[in-house]
Structure formats: C-alpha cells, structure tokens
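Data first, discussion second: the structure below is written as structure tokens.
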Amino acid sequence: MTHSTPTGIRPILDAPLPQWQPATWKDYLACCDDPALEQARLFFNQGYLLIYLGNEGINHARFNSLLTMLFLSWFAQKGQSFDELGGCVIEKPKRQAASPDKIVYIGEGSPRWKEGEPRRINLTQWRVPDLVGEVADTTLATDLDEKKELYAALEIPEYWVVDIRGERVLAFRLQEDGKYQQCEDSVALEGLPISLIERTLAQLNQGNNGSAAFWFAQQIANL
C-alpha cells in the first residue's frame with residue numbers, strides 16, 4: 001500500500017507519548033488523506049503537527065463514554081437539542097486543526113456533511129462548537145498547554161479537560177482578550193457547577209459509568 005504521508009511526518013512510535021512535529025498545512029492534509037492514519041487523531045497549530053494512534057485505554061474509554069451520557073441527561077432534562085460530534089476534525093484551513101474527544105453543538109446550526117466534501121468541520125463555513133473537551137489519562141500536560149492554546153486560537157468559547165487520575169474537571173471560558181480563564185460553572189451548560197461533574201467522576205470508584213450517569217441524572221433533577 002502506498003501512503004501519501006510525506007517523509008518525516010509519521011507518528012513517533014518509540015516515544016512514550018505522541019510528539020508535536022514541525023509540519024506544514026500540506027503535510028497535515030497529506031496525513032488526513034493517508035489510509036494508514038484513518039483512525040488517527042490529528043492536531044495542527046502554528047507549524048506543528050500532533051498525531052495520536054491506537055485505541056483508547058479502559059479508563060479513557062470509560063470516562064469518555066460517561067461524558068456523553070452526562071450530556072444526554074443534562075440536555076434531556078433541560079429540553080434542549082444538541083449534537084455531540086466527538087472525534088471529528090475541526091479546522092480553520094491553513095491555520096489550525098484539532099480532533100477533540102468531545103465536540104458539543106447546542107441548538108441548531110450544527111455541521112452537515114455533503115457528498116464530495118472533506119469529512120472535516122470547516123469553521124469558516126460552520127459556527128464554532130459551544131464546547132469541546134479532552135479526556136486526559138496520559139496527555140494532561142499537552143491538554144493544558146498546547147491544546148489549550150490551540151482551542152483558544154480556534155475561538156472555542158468553552159473548553160473542558162477531564163483529568164482521570166486526579167478525578168477533576170478543569171473548565172475554561174474564552175475571554176475577550178482571546179485567552180482562557182478557569183471557571184467554576186459552565187456557561188454552555190447553563191447552571192451546571194463543574195464540581196458536580198467531579199463528584200460524578202468520583203462515583204466511578206463505587207460502580208461503573210452507567211451507575212455514575214444515573215446518579216448525575218438524579219442530582220440535576222433538583223437544579
């Protein structure tokens with residue numbers, strides 16, 4: 001099989017964690033088109049590319065799925081429509097690209113794919129998501145550094161980092177100066193204390209993500 005990925009732009013397989021590599025936008029597009037990287041998660045910002053390969057670990061998968069359940073419970077209780085498109089690539093062509101664990105559009109106007117178009121969300125054509133999130137098992141440092149900078153550049157209004165090992169959620173709201181400031185309550189999910197998400201994560205110590213989701217649903221019934 002012939003791959004279109006340019007020489008030198010490959011996942012660094014012997015590194016303990018994925019590494020940011022110098023790259024051009026053309027390199028990034030070549031990776032998008034490489035069949036060998038079809039299941040990879042790609043990030044691009046300011047001339048650097050990050051490639052994630054492989055399947056999720058147990059903890060990452062459990063927390064990631066729990067977040068989807070929490071979104072469903074929250075929006076169902078509030079009677080709001082939403083679209084959760086985690087894993088899709090969002091991009092500003094020639095500038096930035098990312099594939100967050102969670103992408104949440106609230107209300108109408110979420111992206112729709114048309115035949116013949118790239119399978120990525122072009123933010124010059126569609127509105128930005130209301131919320132993106134990363135589930136951090138081994139990637140906390142880059143989630144709070146390079147990716148945080150990347151999502152600010154993409155003008156994502158709210159960014160969550162779920163720290164699996166620390167059982168905490170770090171939520172950030174984009175300010176007028178283009179920088180994130182940590183917040184205690186979600187703006188996208190209006191009225192939701194971030195501390196309640198953390199307490200829900202702690203429920204995993206006593207059960208599974210299904211039981212944690214049921215517990216969360218009971219808590220928000222009184223909000």
Side-chain angles (χ1 to χ4, degrees), residues 17-25 27-28 41-52 64 67 70-71 74-75 78 80 82-111 120-136 138-164 166-198 201 223:
L17 292 173
Q19 303 292 309
W20 289 88
Q21 306 176 63
T24 65
W25 184 258
D27 295 331
Y28 157 75
R41 295 178 60 206
L42 303 177
F43 297 81
F44 181 88
N45 191 28
Q46 297 182 351
Y48 283 87
L49 178 68
L50 180 66
I51 304 174
Y52 282 106
N64 199 18
L67 276 183
L70 301 190
F71 291 140
W74 177 264
F75 291 117
K78 298 297 181 181
Q80 290 180 291
F82 78 104
D83 231 353
E84 204 268 272
L85 303 175
C88 285
V89 174
I90 54 177
E91 63 183 25
K92 288 184 177 179
K94 300 183 179 181
R95 296 165 56 187
Q96 290 97 16
S99 48
D101 285 316
K102 295 299 176 192
I103 300 174
V104 179
Y105 281 88
I106 303 171
E108 303 302 319
S110 60
R120 306 187 295 274
I121 301 172
N122 185 335
L123 295 182
T124 65
Q125 298 176 353
W126 297 100
R127 69 180 179 92
V128 298
D130 297 281
L131 168 71
V132 303
E134 294 286 357
V135 178
T138 60
T139 61
L140 183 61
T142 191
D143 288 340
L144 290 175
D145 189 359
E146 293 94 343
K147 286 188 194 173
K148 184 179 172 186
E149 178 182 319
L150 170 56
Y151 291 127
L154 287 168
E155 301 180 75
I156 305 299
E158 189 165 331
Y159 173 46
W160 291 6
V161 177
V162 179
D163 176 8
I164 292 177
E167 293 184 356
R168 57 179 180 156
V169 179
L170 302 168
F172 302 94
R173 189 70 185 173
L174 194 64
Q175 306 300 301
E176 291 184 0
D177 62 2
K179 298 183 182 299
Y180 280 123
Q181 180 176 325
Q182 191 168 350
C183 54
E184 296 182 356
D185 298 281
S186 175
V187 175
L189 281 65
E190 186 177 359
L192 175 64
I194 300 302
S195 60
L196 180 55
I197 302 291
E198 294 180 326
L201 298 182
L223 289 181

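In this chain, numbering begins with 1 at the start of the sequence shown. Predicted, not measured: the structure shown is a model, and the values here were computed from it.
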Any idea which heavy atoms bring Glu134 and Tyr151 closest together, and the distance?
OE2-OH, 2.6 Å

Side-chain touch Pro129/Val104, heavy atoms, less than 4.5 angstrom
no

Shortest non-hydrogen contact from Leu123 toward Lys92:
CB-CG, 4.2 Å

Which atom of Phe43 lies closest to which atom of Leu150, heavy atoms considered:
CD2-CD2, 3.9 Å

Are any of the side-chain heavy atoms of Val128 and Leu154 separated by less than 4.5 Å?
no

Supply the atom-to-atom distance Leu196 CG to Asp185 CG, rounded to the nearest 0.5 angstrom.
10.5 Å

Tell me if a side-chain donor or acceptor on Gln175 pairs with a main-chain N or O of Arg173 at a distance below 3.5 Å.
yes

Within-4.5 Å side-chain heavy-atom neighbours: Ile156 and Ile90
yes

Is the shortest side-chain heavy-atom distance between Phe44 and Glu91 below 4.5 Å?
no

Answer with yes or no after comparing the ring centroid distance for Phe71 and Trp74 against a 6.0 Å cut-off, counting only values under it.
no

What distance do Leu189 atom CG and Ile197 atom CD1 have between them, rounded to the nearest 0.5 Å?
7.5 Å

Give, for atom CG of Leu170 and atom CG of Asp143, the distance between the pair rounded to the nearest 0.5 Å.
10.0 Å

Are Ile164 and Val135 packed together at the side-chain level, in the sense that at least one heavy-atom pair is separated by less than 4.5 angstrom?
yes

Using side chain to side chain contact (heavy atoms under 4.5 Å, CB included) as the criterion, point out the one residue from Ile194, Leu67, Asp163 that pairs with Val169.
Ile194

Is the closest side-chain heavy-atom distance between Leu85 and Pro111 below 4.5 Å?
yes

CD of Glu155 to CZ of Arg127: how many Å apart, nearest 0.5 Å?
14.0 Å

Between CG of Leu70 and CG of Leu192, what distance do you get to the nearest 0.5 Å?
8.5 Å

Side chains of Glu146 and Asn45: closer than 4.5 Å at any heavy-atom pair?
no

Can you name the closest pair of heavy atoms from Glu158 and Ser186 and give their distance?
OE2-OG, 2.8 Å

Relative to the ring of Phe75, is the ring of Phe82 parallel (under 30°), tilted (30 to 60°) or perpendicular (over 60°)?
parallel

Arg168 versus Leu140, closest heavy-atom pair with distance:
NH2-CD2, 3.8 Å

Is Leu50 close to Tyr48 at the side-chain level, that is, under 4.5 Å between some pair of heavy atoms?
no

May I ask you to check whether over 12 heavy atoms, not counting those of Gln182, lie within 6.0 Å of atom CD?
yes

CD (Glu190) with more than 12 external heavy atoms under 6.0 Å:
no

Establish, yes or no, whether the cationic atom of Lys148 lies under 6.0 Å from the six-membered ring centre of Tyr159 and within 45° of the ring axis.
no

Taking all heavy atoms of Pro100 and all of Cys88, pick out the closest pair and write down the distance.
CD-O, 3.7 Å

